[in-house]
Amino acid sequence: MNAMYCPSVFGEDRREVQHAFIRSHPLGLLISNASTGLVANLLPFVLKTGDSERGVLQAHMARANPQCWLCFEGPTLM
């Protein structure tokens, strides 16, 4: 998998710092690559750390949101 270039001076590898940042800034952008183009929505995210070492991000999206149904079309989320 290709990763975005990030100079080491801007990198943060300490998991506890990353998790603290996510918890204090829980609003995230979910982007989907649909057949009609990119679709993006701001969603509230919750970090669950009990399931894995890295943690799992959990979000909620209303069924009325058209992007909700794109999740079932394939692996197009970013």
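Quick note: numbers below take in every heavy atom, side chains included, and nothing from hydrogens, waters or symmetry partners.
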Trainee: Same hydrophobic cluster for L38 and L29, using side-chain heavy-atom links shorter than 4.5 Å among ILVMFWY?
Mentor: yes

Trainee: Test: salt bridge (Lys or Arg N to Asp or Glu O under 4.0 Å). Region: residues 6-17. Which pairs qualify, not counting sequence neighbours?
Mentor: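 Non-adjacent pairs meeting salt bridge (Lys or Arg N to Asp or Glu O under 4.0 Å): E12-R14.
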
Trainee: Heavy atoms only: give me the nearest R23-P26 pair and the separation to one decimal.
Mentor: O-CD, 3.9 Å

Trainee: Distance from I22 atom CD1 to T49 atom OG1, nearest 0.5 Å?
Mentor: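 Nearest 0.5 Å value for the CD1-OG1 distance: 10.5 Å.
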
Trainee: Just to verify, which of Q18, R54, H19 counts as forming a side chain to side chain contact (heavy atoms under 4.5 Å, CB included) with L47?
Mentor: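 Testing each of Q18, R54, H19 against L47, the sole residue satisfying side chain to side chain contact (heavy atoms under 4.5 Å, CB included) is H19.
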
Trainee: What are the two closest heavy atoms between C68 and A62, and how far apart are they?
Mentor: CB-O, 3.7 Å

Trainee: For the residue pair I31 and Q67, what are the closest heavy atoms and their distance?
Mentor: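 Shortest heavy-atom contact: C-NE2, 3.8 Å.
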
Trainee: Is there a donor-acceptor pair under 3.5 Å between the side chain of W69 and the backbone N or O of A64?
Mentor: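 No, because the side chain of W69 does not come within donor-acceptor range (under 3.5 Å) of the backbone of A64.
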
Trainee: Quick one: closest heavy-atom pair of A34 and V39, and the distance?
Mentor: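 Looking at all heavy atoms of both residues, the shortest contact is CB-CG2, 4.1 Å.
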
Trainee: Give, for atom CG of L43 and atom CG of N65, the distance between the pair rounded to the nearest 0.5 Å.
Mentor: 7.5 Å

Trainee: Assigning hydrophobic clusters by single linkage (Ile, Leu, Val, Met, Phe, Trp, Tyr; side-chain heavy-atom cutoff under 4.5 Å), is V56 placed with F45?
Mentor: no

